[in-house]
Amino acid sequence: MLKILTIVLVIFVVMACESPQEELPGPIHIVPIPLEMTVDKGYFQVGGNTVIHTVGADLGPVPGYVKEYFDGLTGKDLTIQYGESISKGYIKLELAGAVEGKEAYEISSSRKGVSVKASTAHGLFYGLQTIKQLVQQDSKGNYVIPAVMIKDAPRFGYRGMHLDVGRHFYPVDFIKKYIDLIALHKMNTFHWHLTEDQGWRIEIKKYPKLTEIGAYRKETVVGHASNSKAYDGIPYGGFYTQQQVKEIVKYAGDRFITVLPEIEMPGHSQAVLAAYPEFACKPGPYEVATTWGVMKDVLCPTEETFSFLQDVLTEVMALFPSEYIHIGADECPKDRWKESQYAQDLVKREGLKDEHELQSYFVRRIEKFLNANDRKLVGWDEILEGGLSPNATVMSWRGEKGGIEAAKQGHEVIMSPTTYCYFDYYQADPETEELSIGGFLPVEKVYGYEPIPAELDTDQAKYILGGQGNVWTEYMKTSKRVEYMALPRMSALAEVLWSPGDKKDYNHFVERMGSFRKHLDAMEVNYARHIFQD
Ligand code: ACM
């Protein structure tokens, strides 16, 4: 009897080893939700003998990332094998022209292994981001990847996150973490807002005072700028050297993220005037701003100012490979131009109607310079006032109106309306939150955003390149605060921009975020908890 029992037990153990349990340890939760996914029975178990098999000539850094990730999970030094295929125990990365779209990818996994296909390394990189979310740990501590078929591709080509480093300055390591978060969400653009009234943050070799003077303010307003006259008396500042900028651009590029630099003009330039008062319409002196808001002292549209800006942009273009360069152009009060004889003479000489047309003249000149250097201009929607430059892309922030108008005029548009995309707004009752700029934008509202306005017909809608979340940092002194304000609203926007509109389901998103947050936890991200039951 004991013998029979032993045999039965041995058979049982052998069976258990040979055919892994079909039951998955947990649900399959992916953010942003893929275009198509079907789930099969069983899973692939990752082990020390798993081989990373690559097919194709230029997979860039992706095999290295896959190895790093799975080495980390298994504690082993997994082999990367080029060429000859493997019948079992593989994670295969394959460049396959048949997968349409440069960001698209396909995953098929079974008990034998996992195969990722894409036409570019960029697509394979997104395949890896999905695999990280597919991996589950069973009760014995094994890592398993469910058997699935996924076909995925983004809805929009531009999926961006912005960060204002002018109001507050964040270290290089945090900028890299922000880029990692962008990558995790399959977003592809980091809009780096580098200059502000309160601080110029990028080294420009030809104009050293921009950072010697313009990167530092003597103190900062305490409380809400709209009703406070109190200042902290603490000098504040910092800037990124060109070497650091190169390092960040490379870091982003290695994660298939374009860094879109923004150099503000003609407004939001008080830090420039503190360093070089000769670019103002009135003699200075000026100081780097110490409170928040829209400042009246702006760049004067003189030839000297244009030469200065061209020199600055020349250095910027050498640092940033981005096809687009953002020149701000928002919130430029016209008071100084109205008072300036030079500006008024220029209005007459150029046959302009008013100061709004003067701003258009300003932007057009900069656009001509950028276009001559094979770059395209992006500006906030104020560039519509006084007439749009011929090739400009409009970033629509004061609602969707500017974006609608620009698309109707046949211009490219990036949607970033305050109503859905301003992550500096409160995300819960202000009574329970730290001081913020104002507004109210909970996660669910971000999730409900539809970037194509109903007013546009199919042809016009093609001009909507995508959308972006903006993180203005007047009230975000620390990088931990930035994380709290950006997440999980960024996750909601990532799904808006990546996934098909008809796949959206807020409750399901929240449920999936219950799993996704583990990735944020692993990165030690201080995300806001409102949507979770804790
Ligand atoms: C902006 O929020 N001033 C673009």
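Just so you know, ligand 1 is whichever comes first in the structure, and atom 1 is the first atom listed for that ligand.
- Under a 4.0 Å N-O distance rule, the pair D521/K518 does not qualify as a salt bridge.
- Salt-bridge check for E455 with K408: failed, with every basic side-chain N at 4.0 Å or more from each acidic carboxylate O.
- Taking a cut-off of under 4.0 Å to the non-hydrogen atoms of W397, the atoms of ligand 1 that pass are 1 (C), 2 (O), 3 (N), 4 (C).
- Residues T302 and F308 are not in side-chain contact: their nearest non-hydrogen atoms beyond the backbone lie 4.5 Å or more apart.
- Of the heavy atoms in M395, none comes closer than 4.0 Å to ligand 1.
- Among protein heavy atoms, the minimum distance from atom 2 (O) of ligand 1 is reached at Y422 OH, 2.6 Å.
- From the protein, the heavy atom lying nearest to atom 3 (N) of ligand 1 is D330 OD2, 2.6 Å.
- Ionic pairing of E287 and R217 is not present here: no N-O contact between side-chain nitrogen and carboxylate oxygen is shorter than 4.0 angstrom.
- Taking every non-hydrogen atom of W472 and a distance limit under 4.0 Å, the qualifying atoms of ligand 1 come out as 1 (C), 2 (O), 4 (C).
- Nearest heavy-atom pair across Q129 and K186 is CB-CE, 4.1 Å.
- For ligand 1 and E331, the ligand atoms under 4.0 Å from any heavy atom of the residue are 3 (N).
- Taking distance alone, with nitrogen or oxygen atoms compared against 3.5 Å, H268 stays at or beyond that limit from ligand 1.
- The side-chain heavy atoms of I179 and I175, taken from C-beta on, include a pair separated by under 4.5 Å.
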